[in-house]
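For reference, positions follow the sequence shown, starting with 1. Note that ligands are numbered from 1 as they come in the structure, with each ligand's atoms numbered from 1 the same way.
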Amino acid sequence: MSKNISRDKKLIAGNWKMHNSIKETSQLLDDLTKEYESIHSEHVEMVVCPTFTSLETANGKLNAQKSGIKLGAQNVSWENSGAFTGEISPQMLKEHGVEYVIIGHSERRAMFGDNNETVNKRLKNTLKNNLKPIVCVGETLSERENCQTDKVIKQQVCESLKNMNSFVANNNSDSQLTVAYEPVWAIGTGKTATSLEANDVCKLIRTTLSGMFGEEFGEHTRILYGGSVNAKNASDLFSQTDIDGALVGGAALKALDFIDIYKAAIVNTNCR
Ligand code: PGA
């Protein structure tokens, strides 16, 4: 991870969650590509993360369209093959053109048993297989109300990235870790952290990473904000010094909304 150079570009990632059939995936990608082609910038990456069952279709479309939109998945196994019912390995994702993987989304943590330990295992296997992880962290409403945000975030970052030093030292690949700060109370609720609140936590994540892996690493790691990002609040968020893009849920399901968020990132490419 020592060559973490990804912060040179902002990243707008769409987490489609358990939405969109194969037909709907096709349609949404057609609509997105049509708009993206005329406005895209080399300074901002766009990633879409459909369900596993739509990856094949999405990969075919994105290859045929040659638009430069990249493909991500919503989870990955810490194992590579074997008797792990319901799991999917990094290599299987790569066969479908997947480049990015969301790890430890709060919905996985809250409903499907993911925790810092499993996130750490998924992350190690993701990096070993040269996929690009987007590791999610975020506090709940009660944690925020009890002034626990900083403590919880630091703990999530430290434990999710635990024992990575030997991996960092031995790894020659450009692994491009991205961290997404997603306050749980802001996801799908229409409530966003103010841009200053979001920036403060993103800054805390950066200092925590610097403390763990060195200042250069922290400074070059891309940190996204996620939680009710939309076309109206995106520009304000992206104008902050430590927010390098967004992980978008609801607004990623409508091509024009997602494109507007992408455009807001282009306008704010120099905000550091
Ligand atoms: P939201 O979801 O944009 O709908 O709040 C974000 C996410 O869950 O990643």
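- With no hydrogens or angles considered, a side-chain donor-acceptor pair links Glu139 and Tyr181 at under 3.5 Å.
- Of the N and O atoms on the side chains of Tyr100 and Glu45, at least one donor lies less than 3.5 Å from an acceptor on the other residue.
- Residue contacts with ligand 1, taken as heavy atom pairs separated by less than 4.0 Å, involve Ala186 solely via the backbone atoms N, CA, C and O.
- Within the 3.5 Å criterion, the main-chain N or O of Ile134 finds no donor-acceptor partner in the side chain of Thr178.
- Not a single heavy atom of Ala251 sits under 4.0 Å from any atom of ligand 1.
- With a heavy-atom cut-off of 4.0 Å, Asn15 touches ligand 1 through its side chain alone.
- Looking only at atom types and distance, the side chain of Thr33 has a donor-acceptor partner in the side chain of Gln65 under 3.5 Å away.
- Contact between Gly188 and ligand 1 is present, with at least one heavy atom of the residue lying under 4.0 Å from the ligand.
- Under a 4.0 Å criterion applied to the non-hydrogen atoms of Ser228, ligand 1 contributes the atoms 1 (P), 3 (O), 5 (O).
- With ligand atoms numbered from 1 in the order given, ligand 1 contributes 7 (C), 8 (O), 9 (O) to contacts under 4.0 Å with heavy atoms of His105.
- Close contacts of ligand 1 with Lys17, meaning ligand atoms under 4.0 Å from a residue heavy atom, involve 2 (O), 7 (C), 8 (O).
- Annotation: Thr189 places no N or O atom under 3.5 Å from an N or O atom of ligand 1; distance criterion only.
- Scanning the protein heavy atoms around atom 4 (O) of ligand 1, the nearest turns out to be Gly250 N, 2.8 Å.
- Pairing each heavy atom of Arg206 with each of Asp244, the nearest pair is NH2-OD2, 2.9 Å.
- What you find for His40 and Glu37 is that their closest heavy atoms are ND1-O, 3.4 Å.
- For ligand 1, the atoms sitting less than 4.0 Å from at least one non-hydrogen atom of Gly227 are 5 (O), numbered in the order shown with element in parentheses.
- Contact annotation: Ala180 has no heavy atom less than 4.0 Å from any atom of ligand 1.
- Remark: Asn125 engages Asn80, Asn129 in a side chain to side chain donor-acceptor pair (under 3.5 Å) (not counting sequence neighbours).
- Atom 9 (O) of ligand 1 has Glu182 OE2, 2.7 Å as its closest protein atom, hydrogens excluded (heavy atom only).
- Of the residues Lys34, Lys61, Glu24, the one that meets the side-chain contact (heavy atoms from CB on, under 4.5 Å) test with Leu29 is Lys61.
- Nearest protein heavy-atom contact of atom 6 (C) of ligand 1 is Gly249 N, 3.5 Å.
- Between Pro50 and Leu71, the closest heavy-atom pair is CD-CD1, 3.7 Å.
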